[in-house]
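Right, one structure below, let's go through it.
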2 protein chains.
Amino acid sequence: MPHALDDTFHALADPTRRAMLLRLSEGEQPIAALAQPFDMSLWGAAKHVRVLEQAGLVKCRKVGRSTLCSLRPGPLAQADQWLRQWERFWSSGLDRLEALVKADKENPR
Amino acid sequence: MPHALDDTFHALADPTRRAMLLRLSEGEQPIAALAQPFDMSLWGAAKHVRVLEQAGLVKCRKVGRSTLCSLRPGPLAQADQWLRQWERFWSSGLDRLEALVKADKENPR
DNA sequence: ACTATACTCAACCATTTGGTTGACTTGGAA
DNA sequence: TTCCAAGTCAACCAAATGGTTGAGTATAGT
């Protein structure tokens, strides 16, 4: 069973999909509206939406002939939680680890 | 020019690479040490390290016949910053957006 | 009834990914 | 010097990605 973070980070690793998420943060959007800003076929855009949906980042519901998509921030929160594991490495103003490496480089013994 | 977030998220979308980052948080490691926990050829592991390196997540320096790799948390901080864009959607205890959608579903007009 | 819209599907394509192997180079230690 | 260990390289492979097209289905509006 591939970890959920795999799907989440993979979904986020594409600028088209990140832009779609941004638009979704303004509210529910049909797939066609999500596709419109990109020079891309509707089917291509729909496949991106499916990637987001399978990662649990959006939830789609059919309304008439439209498929309305809405943001589902749960996995984003999980991904953020994972990232903050390293907060201590960047939080204290500087890269503490990088500083250590540099110091060791300049004074190797 | 692909956005740096593309590389960062892509690098993070693989459990092997995430595990490598975890080990690196304990300090500098040669590639062979990073490869050892995984049932994988050394070359396979080295390619993962290269992906991390190209994403700027690790920095490698050669010491004798070893290549010591160290964590470079900068891109992690950037990715975290991007993720926190959505903090408002999950921070207030519940999924506010999801709640809105649900309410709309139960009372469609 | 007709038409345009919103989407689905199957097929295809080029590129990237994640992995392998076997041969090679280089450095450390015996 | 001789040998082992750490990496590198090139070549290969199967599978997934990101995109296309053309045809089809179903819904909404006129």
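To find a chain, count down the sequence lines: A is the first, B the second, and so on, and within it residues start at 1.
Under the 30°/60° scheme for interplanar angles, the aromatic rings of A:Trp82 and A:Phe9 are found to stand perpendicular.
Closest heavy-atom contact between A:Asp6 and B:Asp14: OD1-C, 4.5 Å. The two residues A:Leu71 and B:Trp86 have their closest heavy-atom pair at CD2-CE3, 3.8 Å. A:Asp7 and A:Ala55 get closest at one heavy-atom pair: O-CB, 3.7 Å. The two residues B:Ala32 and B:Leu42 come nearest to each other via the heavy atoms CA-CD1, 4.0 Å.
Per the geometry, CZ belonging to B:Phe9 stands 18 Å off P belonging to D:dT17, to the nearest Å. The separation between B:Gln36 atom CD and D:dA5 atom P is 15 Å, rounded to whole Å. Regarding A:Lys62, its NZ atom lies at a distance of 14 Å from the P atom of D:dT25, rounded to whole Å. For A:Asp14 and C:dT15, the CG to P distance is 18 Å, given to the nearest whole Å. For the pair A:Asp39 CG and D:dG18 C1', the interatomic distance rounds to 14 Å; values are reported in whole Å. Spacing between atom CD of B:Gln54 and atom P of C:dG18 amounts to 12 Å, rounded to whole angstrom units. A:His48 has its NE2 atom 9 Å from the C1' atom of D:dT17, to the nearest Å. In this structure, A:Gln29 atom CD and C:dC7 atom C1' are separated by 16 Å, rounded to whole Å.
Using modelled atom types, no side-chain atom of A:Arg72 and backbone atom of A:Lys59 make a donor-acceptor pair closer than 3.5 Å.
Rounding to the nearest 0.5 Å gives a distance of 9.5 Å between CG of B:Leu24 and CZ of A:Phe89.
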Tabulate atom names and distances for all N/O pairs under 3.5 angstrom spanning the protein and nucleotides 10-14 of chain C.
{"unit_1": "C:dA10", "atom_1": "N6", "unit_2": "A:Trp43", "atom_2": "NE1", "d": "3.2"}

Using the 3.5 Å cut-off, write out each protein N or O paired with an N or O of nucleotides 23-25 of chain C and the distance between them.
none

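The environment of A:Arg84 atom CZ is dense: over 12 non-hydrogen atoms of other residues, nucleotides or ligands sit within 6.0 angstrom.
Residue whose closest nucleotide on DNA chain C sits further toward the 5' end, between A:Arg50 and A:Arg65: A:Arg65. Both B:Leu68 and A:Gly44 sit near DNA chain D, but only B:Leu68 has its closest nucleotide nearer the 5' end.
Using a 4.0 Å cut-off, some side-chain N or O of A:Ser41 falls inside it from OP1 or OP2 of D:dT20.
Residue contacts shown for B:Gly64 are limited to sugar-phosphate atoms, with no base heavy atom under 4.0 Å away.
Closest contact between the side chain of A:Leu42 and the listed nucleotides D:dA6, D:dT8, C:dT8 involves C:dT8.
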- Item | Test side-chain contact (heavy atoms from CB on, under 4.5 Å) applied to B:Val51 and B:Arg17, step by step | CA-CA 9 Å; B:Val51 170; B:Arg17 290 193 287 263; 3.8 Å; yes

